[in-house]
Number of protein chains: 2
Amino acid sequence: MSVAVENFIKAIYKNNLNSINNTKPGSIAKHLGISNAAATDMAKKLADKDLLNYEKYKPLQLTAKGEKIALNIIRKHRLWEAFLFKTFDMSLHDIHREAELLEHETSNFLAEKISAYLGHPKFDPHGDPIPNSDGEITTTDISISLEKAIENKTYTIARLMSDDKDFFDFCAQNSLKYGNTIEVVKQFSNTKMTQIKINNNTILLNQDFTKIIYVNEIN
Amino acid sequence: MSVAVENFIKAIYKNNLNSINNTKPGSIAKHLGISNAAATDMAKKLADKDLLNYEKYKPLQLTAKGEKIALNIIRKHRLWEAFLFKTFDMSLHDIHREAELLEHETSNFLAEKISAYLGHPKFDPHGDPIPNSDGEITTTDISISLEKAIENKTYTIARLMSDDKDFFDFCAQNSLKYGNTIEVVKQFSNTKMTQIKINNNTILLNQDFTKIIYVNEIN
DNA sequence: TAAAAAATTTAAGTAAACTTAAAAAAACAA
DNA sequence: TTGTTTTTTTAAGTTTACTTAAATTTTTTA
């Protein structure tokens, strides 16, 4: 399994999580920085190997076999993120960049070692769930995006869905870290801004941020 | 820099350490499991990039530029070995196998993190020196192979030069570990056997072993 | 709903990293 | 030193993962 194939499968998996199964070669091409033609080519080749279902002009869908491979790569990615974050205290941006490379050269054997070392964590430092070695995500995600949070309620940060360095730098500077507690002070419906309070500091976030910060309500 | 190129350069570097600059494409081909034709091809291509000197039918020699690349990869390999050995308590065989993959996907940034975490070690768990980030090996190696050790003298194990699982398993079972102390009881010149004592156990080693176990005399 | 725009597919071509087979050169051995 | 063996090189071909350009299909919109 080449890096190109692994990244292609992973891209389809991730895209289908967001775009409700309307993944065309073009969107994968854009994401991977290759031409549409190359993406179509690859899709056909992977269909031959029974890793995805391909019909001309139709959305791409991973087979069970393809999905298992996607989840195995994502598992390795997130285990590396958790490990690098804990061990070397690297930033969320840095761990993502390194994991993007390491994930393709990590044996199942080593992945298990990392997982065991960390106590088989269920989430990475972004709050994303880590599939188990069978490719299962057991934890049900009940988090909501901050834009949908309710005024005067208290939440914990569940996920930071981004890989943008500037975003992570901002988060790090303002204690916006996986697991931390925040209070939603006010939702400004006109401007789509959200005012939150964290560690006695008040922060006003615009929708670019509230869409990618996910939180869990504290009961 | 592709994995194929990195492995080619590394193979030349390692071969030139042993065979005193008589590395022909054939020996690299054998080592990498590719055809002689492919090795000749690659040699020409790397010569174009000024990574090695190539003249038809002449030995291959890395340029300063090529050597720097070789040492950078070897640095990453040995840092990974040291790190995996310490962190996950993996066997010498396992750490080698994993490092062989990870070395190609490790940024200089991450290599520095690993090195700093370990306290900038000068040797890996096999006893092989770890080049610094400038590709320099500062430590002078004064170790000798066990076949040349002198009777009744005491040594510490300096290097275990192998990547064979059975050898490592044998070593692990008999406390033959980097840094451990041994006493050379007798050299059998006829049979080329060496009798050593370690932890009050006597072991008789044949030349297959004594040639790849390196030791430092204790003053 | 028909024309325009956008996306997808096909076709042809490239570069990297290999392969096998044949030719040429070097190494060795009688 | 000459013939044989081995090694290296050249030549031609393959696969993977791309590219650009043109043709086709789908989607949008006027």
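Just so we're on the same page: letters track the sequence lines, and every chain starts at 1.
Between A:V3 and A:K24, the residue anchored closer to the 5' end of DNA chain D is A:V3, taking for each the nucleotide with the nearest heavy atom.
Across all strands shown, C:dT19 forms a Watson-Crick or G-U wobble pair, both distances under 3.5 Å, with D:dA12.
Applying a 4.0 Å cut-off to non-hydrogen atoms, the residues of residues 53-60 of chain A that approach DNA chain C are A:Y54, A:K56, A:Y57, listed by residue number.
When heavy atoms are screened at a 4.0 angstrom cut-off, A:A37 is found touching base atoms of the nucleic acid. When heavy atoms are screened at a 4.0 angstrom cut-off, B:K44 is found touching the sugar-phosphate backbone but no base atom. Contacts of A:A4 with the nucleic acid, taken as non-hydrogen atoms under 4.0 Å apart, involve only primed sugar atoms and P, OP1 or OP2.
Contact between the side-chain N/O atoms of A:K45 and the OP1/OP2 oxygens of D:dA17 is found at a separation under 4.0 Å.
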A:F8 and A:H31: CA distance, side-chain angles, deciding distance, ring pair (Phe, Tyr, Trp, His ring centres under 6.0 Å) verdict: CA-CA 9 Å; A:F8 196 86; A:H31 186 255; over 10 Å; no
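Nearest to the side chain of A:T40, among C:dT8, D:dT10, C:dT19, sits C:dT8. For A:S35, counting side-chain heavy atoms from C-beta on, the closest listed nucleotide (C:dC18, D:dT9, D:dT19) is D:dT19. The side chain of B:N36 lies closest to D:dT7 when the candidates are D:dA17, D:dT7, C:dC18. Closest contact between the side chain of A:I34 and the listed nucleotides D:dT19, C:dA17, C:dT8 involves D:dT19.
In this structure, CD1 of B:I28 is placed 16 Å from P of C:dA17, rounded to the nearest angstrom. We find that CZ of A:F8 is positioned 12 Å from C1' of D:dA17, with the value rounded to whole Å. For the pair A:E6 CD and D:dT16 P, the computed distance is 16 Å after rounding to whole Å. Distance CG (B:L46) to P (C:dA17): 9 Å, rounded to an integer number of Å. Taking atom CG of residue A:D41 and atom P of nucleotide C:dA12, one finds them 13 Å apart after rounding to whole Å. Atom-to-atom, NZ of B:K30 to P of D:dT8 comes out at 10 Å; the value is rounded to the nearest Å. Distance CE (B:M42) to P (C:dA16): 10 Å, rounded to an integer number of Å.
Comment: A:K211 does not engage A:E147 in a salt bridge, judged by the lack of any side-chain N to carboxylate O separation of less than 4.0 angstrom. A salt bridge does not link B:K44 with B:D48: every distance from a Lys NZ or Arg NE/NH1/NH2 to an Asp or Glu carboxylate oxygen is 4.0 Å or more. Ion pair B:D94/B:R97 flagged as a salt bridge, since at least one NZ, NE, NH1 or NH2 atom sits closer than 4.0 Å to an Asp/Glu carboxylate oxygen.
Residue pairs meeting the ring pair (Phe, Tyr, Trp, His ring centres under 6.0 Å) criterion with at least one partner in residues 100-125 of chain B, sequence neighbours excluded, are A:F88-B:Y117, B:F83-B:Y117.
Applying the salt bridge (charged side-chain N to carboxylate O under 4.0 Å, His left out) test between A:R75 and each of A:E112, A:E136, A:E103 identifies A:E112 as the sole match.
Ring geometry, A:F209 versus A:F170: the interplanar angle exceeds 60°, so the pair is classed perpendicular (tilted spans 30 to 60°).
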